[in-house]
Amino acid sequence: MNRCVVVTGSTSGIGLAIATAFAQAGDNVFINGFGKPGEIKRIKDHLETTSKARAYYHDADMTKPAEVADLIETAVNTFGTVDVLVNNAGIQHVEKLEDFPVQKWDQILAINLSSAFHTMRAAIPAMKERGKGRVINIASAHGLVASPFKAAYVAAKHGILGLTKTAALELAEFGITVNAICPGYVLTPLVEKQIPDTARARGITEAQVISDVMLKSQPTKKFVAVEEIAATALFLASDDARQITGTHISIDGGWTAA
Ligand code: NAD
């Protein structure tokens with residue numbers, strides 16, 4: 001479709017699946033995130049050779065507002081606007097509140113919440129000028145409900161749902177929709193890393209973390225697949241979704257129905 005799609009944190013996991021789905025739909029994609037140069041080149045080449053899309057990489061660190069703004073400015077300078085902005089970059093840290101490192105709190109709030117403010121702030125003027133745009137914020141089931149030992153993550157994800165609603169109201173008359181996707185547990189590097197940490201924090205085995213903590217929350221007893229989230233992002237970016245704004249779609253196997 002040849003739109004310009006920016007996906008933050010797309011060198012891995014959910015963001016990579018979203019960038020891949022948009023590229024395969026014919027959109028040009030700006031990917032972003034950390035990784036070794038060879039790995040990033042491999043991702044970019046794969047996106048281009050398996051689709052008609054152009055793929056660009058920008059190394060903005062989502063904790064640095066000037067770099068975040070430069071990512072959007074680069075995309076706008078290349079394509080005139082950002083048609084679809086997917087705020088996906090995120091990290092996790094699992095620790096008791098009283099032991100939670102202050103630096104981790106600041107980092108999680110910056111990446112999981114403030115970076116979406118900075119990308120939107122930079123992208124909105126061009127979207128308004130074109131009279132269209134789509135913002136998709138990757139929140140979490142933890143934007144709706146809490147779990148212990150995830151203070152910063154839960155706070156940031158609740159915050160991004162508030163930002164989603166506010167932006168949707170402000171932009172409703174400009175052809176711009178703003179929505180969130182709230183996934184349950186998806187087996188990506190982010191989740192793989194927290195299995196040993198959760199085991200330590202709760203004093204249980206890693207197998208128990210998977211069965212008694214993670215999949216216990218999900219009535220389907222299955223991890224969500226990255227492709228399922230990407231398909232929902234594609235739908236939210238479609239014309240058919242033009243009246244969907246200021247809301248979230250849960251993809252959590254029934255977790256937050258309880
Ligand atoms: P992941 O670890 O596989 O990928 C995270 C991406 O963010 C990577 O590309 C990484 O390089 C990038 N990133 C991290 N810090 C960054 C920074 N400072 N600047 C730029 N990029 C940075 O994780 P994931 O599971 O794919 O998570 C993606 C999003 O989905 C996150 O917002 C996460 O909170 C959310 N989410 C994940 C799950 C899950 O179970 N995996 C569930 C709900 C929501």
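The first residue of the sequence shown is numbered 1, and numbering continues consecutively from there. Quick caveat, the model's predicted, so the values are computed rather than measured. Both backbone and side-chain heavy atoms feed into the values below; hydrogens, waters and symmetry mates do not. Start at 1 and go down the list; that is how both ligands and their atoms are numbered.
Near ligand 1, Gly9, Ser10, Thr11, Ser12, Gly13, Ile14, Asn32, Gly33, Phe34, Ala60, Asp61, Met62, Asn88, Ala89, Gly90, Ile91, Ile111, Ile138, Ala139, Ser140, Tyr153, Lys157, Pro183, Gly184, Tyr185, Val186, Thr188, Pro189, Leu190, Val191 each place a heavy atom less than 4.0 angstrom from the ligand.
Cluster partners of Val94 are Phe149, counting Ile, Leu, Val, Met, Phe, Trp and Tyr whose side-chain heavy atoms approach within less than 4.5 Å, directly or via other members.
Applying the side chain to side chain donor-acceptor pair (under 3.5 Å) test to residues at least two apart or on different chains, the pairs with a partner in residues 148-163 are Lys150-Tyr185, Lys150-Gln194. Applying the side chain to side chain donor-acceptor pair (under 3.5 Å) rule to pairs touching residues 78-102 yields Asn87-Thr119, Asn87-Asn137, His93-Glu95, sequence neighbours excluded.
Val82 pairs in a side chain to side chain contact (heavy atoms under 4.5 Å, CB included) with only one of the listed residues (Val6, Leu71, Val135), which is Val6.
Within a 6.0 Å sphere centred on NZ of Lys132, other residues, nucleotides and ligands contribute 12 heavy atoms or fewer.
Rounding to the nearest 0.5 Å places CD1 of Ile18 at 7.0 Å from CD1 of Ile14.
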